[in-house]
Amino acid sequence: MARIDKLTKLIAVFDQFHSAIEALDNPVAARLSASWTGIRSNYLAPTEAPRSAYAAGMEQGLRETPLLLGSMPHPRGRWQPKPWQGRLQRITPSSF
């Protein structure tokens, strides 16, 4: 059985995250999702740097996601990243 590397796992996490935020009625979320759709192929077969470098960048992105969500406008005030923080905390580098 082939071993799944960290980058592959992180791509799956980002896929899940961006699928979830597509459901939000929020222009920032829509741009984030569209951006991921546009660059995803670069992560599937990276050529500019080693896979480990891409994975490190994606890990940093995960760590910053709660800050990003907290800055998004929400119809009832600020977007609350609390539900996502628990999910993101379960996906730590030690999980890989």
Side-chain angles (χ1 to χ4, degrees):
M1 176 183 234
R3 183 174 173 265
I4 298 174
D5 69 350
K6 187 185 294 189
L7 180 59
T8 302
K9 291 177 184 179
L10 286 163
I11 290 168
V13 169
F14 272 66
D15 285 343
Q16 291 174 2
F17 172 74
H18 287 92
S19 290
I21 66 170
E22 281 178 356
L24 301 175
D25 183 22
N26 183 289
V28 175
R31 283 194 308 268
L32 283 172
S33 183
S35 175
W36 174 244
T37 300
I39 65 169
R40 185 179 184 276
S41 62
N42 296 338
Y43 289 85
L44 291 173
T47 58
E48 301 295 321
R51 291 180 66 82
S52 60
Y54 278 78
M58 291 182 84
E59 286 177 334
Q60 182 62 35
L62 278 177
R63 285 190 288 274
E64 294 174 5
T65 297
L67 293 172
L68 176 66
L69 291 175
S71 69
M72 288 172 48
H74 188 272
R76 288 178 248 137
R78 282 260 190 246
W79 171 259
Q80 297 299 315
K82 295 288 183 203
W84 281 103
Q85 284 177 329
R87 292 179 189 169
L88 294 172
Q89 287 170 348
R90 286 192 295 268
I91 306 163
T92 62
S94 61
S95 300
F96 300 103

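What's counted below: heavy atoms across the whole structure, side chains too, no hydrogens, waters or symmetry copies. Just so you know, residue 1 is the first one in the sequence shown, and it goes up from there.
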Testing the basics here: between [X] and [Y], what is the closest heavy-atom pair and its distance to 0.1 Å?
{"X": "Asp5", "Y": "Arg51", "result": "OD2-NE, 2.6 Å"}
{"X": "Ile11", "Y": "Arg40", "result": "CG2-NH2, 3.9 Å"}
{"X": "Pro46", "Y": "Tyr54", "result": "CB-CE1, 3.3 Å"}
{"X": "Tyr43", "Y": "Leu7", "result": "O-CD2, 3.4 Å"}

Parallel, tilted or perpendicular, judged at 30° and 60°: which one describes the rings of Trp36 and His18?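 It falls in the parallel class, under 30°.
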
CD of Gln60: more than 12 outside heavy atoms within 6.0 angstrom?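 Yes.
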
Judged by atom type as modelled, is there a donor-acceptor pair below 3.5 Å linking the side chain of Thr37 to the main-chain atoms of Ser33?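 At least one qualifying donor-acceptor pair exists.
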
Without swapping roles, check the side chain of Ser19 against the backbone of Asp15 for a donor-acceptor pair under 3.5 Å.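 Present.
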
To the nearest 0.5 Å, what is the distance between CZ (Phe17) and CG (Leu32)?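 Rounded to the nearest 0.5 Å, the CZ-CG separation comes out at 6.5 Å.
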
